[in-house]
Number of protein chains: 2
Amino acid sequence: MTQKPNIRDVAKLAGVSTATVSRTLAQPAMVKEETRRRVMSAVEAMGFVPNSSARVLRTQTSKTVILLVRDISNPFYLDIYKGVEEAAFEAGYKVLMGDARDDDVRIEHYIDTVRERHADGMILMIGHLPEKLITGAAKLPPIVVALEAIENLELPTVRVDNVAAARKAVRHLVDLGHRRIAHITGPLDEYLGKARLEGYRRALEEAGIAFDPDLVLAGDFSLVVGHNQTERLLDRRIPFTAIFAASDQMAIGAVTALRSRSLTIPDNVSVVGFDDTLMASMIDPALTTIHQPRREIGRAAMGLMIERLTKAGTPADRCFPTELVVRGSTGPCAATVSP
Amino acid sequence: MTQKPNIRDVAKLAGVSTATVSRTLAQPAMVKEETRRRVMSAVEAMGFVPNSSARVLRTQTSKTVILLVRDISNPFYLDIYKGVEEAAFEAGYKVLMGDARDDDVRIEHYIDTVRERHADGMILMIGHLPEKLITGAAKLPPIVVALEAIENLELPTVRVDNVAAARKAVRHLVDLGHRRIAHITGPLDEYLGKARLEGYRRALEEAGIAFDPDLVLAGDFSLVVGHNQTERLLDRRIPFTAIFAASDQMAIGAVTALRSRSLTIPDNVSVVGFDDTLMASMIDPALTTIHQPRREIGRAAMGLMIERLTKAGTPADRCFPTELVVRGSTGPCAATVSP
DNA sequence: TTGAAAGCGCTAACAC
DNA sequence: GTGTTAGCGCTTTCAA
């Protein structure tokens, strides 16, 4: 037998029907002990592995879930993935991670993967869907959203309070005496960017600090944009003493930009990030940032997905707390920077 | 039609046979223009997406490849993934990334995924396979190895010259006047760890420096082990002026350990890493390290896989050059550290 | 407790 | 150029 054996080969060798082999593998309790033993040794002998396509075709369920993230090169998603994968593994599911790269074609491609029944559902960590998918939302496969929000679409979601978290971050700077606080935002056409900007505004308002649009720089969570926007800020000679970036990646970009202009952190400028990625604690000085329980968020997202897949009705949203982690990148406000 | 439509539904609506629908989608040239148009509009109207399980079952090929990596939390693999994904996308393949975590059960699980025909083949970036898979190697699915090597198994491989690269790294330190150079190794029961250690030895030999086993510390590429082994080295009060770590992660661990003992880099100790990950250029001082063309390596690995899958015979190995990137973490040898 | 047999949705060989 | 049809390998009634 050089060919890959199928269930019929095993059945023949064990002297039973294919149905019995199938049962032995899926519901051993239904099969008499002796028969089961015979079947199992035939399975062993032939190295039989059931063909999952045939099973999926027959049962219409693939026990696989896709985790679609905004940008796979952001280490933030790795811990989410681990949480998702753990919960999935425990429930007998597999996880595939996909990289959306902010590209509608890629997104549709992954949605089709689910439609093709390659996967049962999809955990989204992206802030928008292509227009046509939203208007035809009725046809969307099972989806759970984690940490993001898709406009005009009500979907089971794992959330954190982004407004409150950003407010906490900025308030920390205010408490240190800063009043000229710049903000490098996330994408402002999406929930995540908007919510963190809103938290920034509220913290200023509470402190009686006027909102200055010149201090708000549009970002996209990426390191290089954080770097460039900080340079722009410096070039425009707008005075500021602190930066709140909507992601650690952008905060680190800001740090490198400040350094290249010979500014020290936190003596000249305090910097706060968002996410508490590994790199935040690695750089020197370590980054003050907002921590989110990534592993648990991942587990919860997979939990909602399983609920969505196995029970009727829409599962209830889950909400997780965030935490301000104070490290070396923030300090008391000394003098205003005007390079 | 609230149910998911199948090819029969489309055929009925278009007034053709299922075969024609199938052809229209797979080989449009074979279908008359007018028929094709009718079919396509039926497909659109019903939102038909072919069921891939059925196709896989029928064609025995899934157009999917698994990329199995040693540790998904090492950012090194992200760029590899991107290269693999690009080449795959162009050839109409999909890529799934799996996390081996040095866990035989997980590895077998992924191999089974291929056996189940969920994927056509597997790109390995792990340094060993479970014993039983190696002895039964004849039954292994199509595999390409990237950057690693599996003992007792000849498989199509994308390689770099790890011995030469490590030698280059250590020679750089020698050229700076260092003679007491410590080495934090990779896993010494695997090719990658052994090869880099070998390069270290050769560079010392060439410089007429005696090999001192006390300066060799067993590692596993992880940050935390790099940190701990450096602490151990310091605790043992063995004099050294430089460290060559077999991965950036371990080099960064070494940096944090040195810092926590108030040693400065490179004034007290020079540090060299391996991989040139993003973090290497981010930390301060930036890390001197070995660069590997990750994206191209990923593309090449997928290229070999496609060759393996579509042509007869074993594809030829590919070899890529490495490059020493000198940054701030290495400097002239001043005095020997003896804390 | 087991077997026979239908059929999941698709593709490809063959017939027209 | 297009239709008919036989399975790919499995699970799951239904019957025994």
Side-chain angles (χ1 to χ4, degrees), chain A residues 1 3-40 42-43 46-64 92 112-120, chain B residues 1 3-40 42-43 46-64 92 112-120:
Chain A
M1 179 69 50
Q3 269 294 10
K4 204 167 287 228
N6 64 24
I7 199 169
R8 223 155 23 224
D9 301 324
V10 176
K12 206 175 297 170
L13 181 63
V16 296
S17 72
T18 60
T20 300
V21 176
S22 179
R23 284 191 202 103
T24 306
L25 263 22
Q27 314 152 56
M30 268 186 70
V31 179
K32 196 164 54 167
E33 163 119 25
E34 198 224 307
T35 317
R36 190 172 28 182
R37 242 200 288 280
R38 262 210 334 274
V39 171
M40 287 314 286
V43 166
M46 311 193 80
F48 171 67
V49 181
N51 178 316
S52 77
S53 301
R55 175 186 289 143
V56 170
L57 181 60
R58 178 63 226 234
T59 61
Q60 304 286 11
T61 158
S62 61
K63 290 284 203 172
T64 300
D112 277 350
T113 302
V114 185
R115 290 228 184 92
E116 287 167 1
R117 310 257 33 152
H118 227 104
D120 295 342
Chain B
M1 179 68 51
Q3 270 293 11
K4 205 167 286 233
N6 65 22
I7 200 169
R8 226 160 17 231
D9 301 324
V10 175
K12 204 174 298 168
L13 181 60
V16 297
S17 73
T18 61
T20 299
V21 177
S22 179
R23 283 191 205 105
T24 306
L25 264 21
Q27 314 153 55
M30 268 186 70
V31 178
K32 197 165 54 167
E33 164 119 25
E34 198 225 305
T35 318
R36 190 172 31 187
R37 241 201 290 281
R38 263 210 333 275
V39 171
M40 287 315 284
V43 166
M46 311 193 79
F48 172 66
V49 180
N51 178 316
S52 76
S53 301
R55 176 187 288 144
V56 170
L57 181 59
R58 179 63 225 232
T59 62
Q60 303 286 9
T61 158
S62 61
K63 290 283 204 172
T64 300
D112 276 349
T113 303
V114 185
R115 290 227 184 92
E116 288 167 0
R117 309 260 31 154
H118 228 105
D120 296 340

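Chain letters run A, B, ... following the sequence lines, proteins first and then strands; every chain starts at 1.
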### Summary
Whole-Å distance, A:Asp9 CG to D:dG9 P, equals 9 Å
### Query
Would you find a donor on one side and an acceptor on the other, under 3.5 Å apart, between the side chain of A:Ser22 and the backbone of A:Thr18?
no
### Message
Apply side chain to side chain contact (heavy atoms under 4.5 Å, CB included) to residues B:Val31 and B:Val39 and explain how you reach the verdict.
### Response
CA-CA 10 Å; B:Val31 178; B:Val39 171; 5.8 Å; no
Is there any protein nitrogen or oxygen under 3.5 Å from a nitrogen or oxygen in nucleotides 10-14 of chain C, and what are the pairs?
| from | atom 1 | to | atom 2 | distance (Å) |
| --- | --- | --- | --- | --- |
| C:dC10 | OP1 | B:Asn51 | N | 3.1 |
| C:dC10 | OP2 | B:Ile7 | N | 2.4 |
| C:dT11 | OP1 | B:Arg55 | NE | 2.8 |
| C:dT11 | OP1 | B:Arg55 | NH2 | 3.4 |
| C:dT11 | OP2 | B:Ser22 | OG | 2.7 |
| C:dT11 | O2 | B:Arg58 | NH1 | 2.2 |
| C:dA12 | O4' | B:Arg58 | NH2 | 3.3 |
| C:dA13 | N6 | B:Arg23 | NH2 | 3.4 |

### Task
Please step through side chain to side chain contact (heavy atoms under 4.5 Å, CB included) for the pair B:Thr24 and B:Met30, ending with a clear verdict.
CA-CA 7 Å; B:Thr24 306; B:Met30 268 186 70; over 6 Å; no
### Task
Taking all heavy atoms of A:Val16 and all of A:Arg38, pick out the closest pair and write down the distance.
CG1-NH2, 3.5 Å
#### Entry: Positions of residues 30-40 of chain B (non-hydrogen atom under 4.0 Å from DNA chain C), listed by number
none
### Query
A:Val16 near the nucleic acid: base, sugar-phosphate alone, or nothing, with a heavy-atom cut-off under 4.0 Å?
sugar-phosphate
### Message
Does a side-chain N or O of A:Ser17 approach OP1 or OP2 of C:dT2 to a distance below 4.0 Å, or not?
### Response
no
#### Entry: Closest approach of B:Lys63 to B:Asp120 (non-hydrogen atoms, all atoms of both residues)
N-OD2, 2.8 Å
### Message
Can you measure A:Lys12 atom NZ to C:dA4 atom P for me and round it to whole angstrom units?
### Response
13 Å
### Task
For B:Leu57 and for B:Gly15, locate the closest nucleotide of DNA chain D by heavy-atom distance; then report the residue assigned to the nucleotide nearer the 5' terminus.
B:Gly15
### Query
If only atom types and distance count, is the side chain of B:Asn6 paired as donor or acceptor with the main-chain N or O of B:Asp9 below 3.5 Å?
yes
### Phosphate OP1/OP2 of D:dT2: any B:Thr20 side-chain N/O under 4.0 Å
no
### Query
Can you name the nearest heavy-atom pair linking A:Ser53 to A:Asn51, along with the distance?
N-OD1, 2.8 Å
### Atom of A:Pro28, atom of A:Arg36 and distance for their closest heavy-atom approach
O-NH1, 3.5 Å
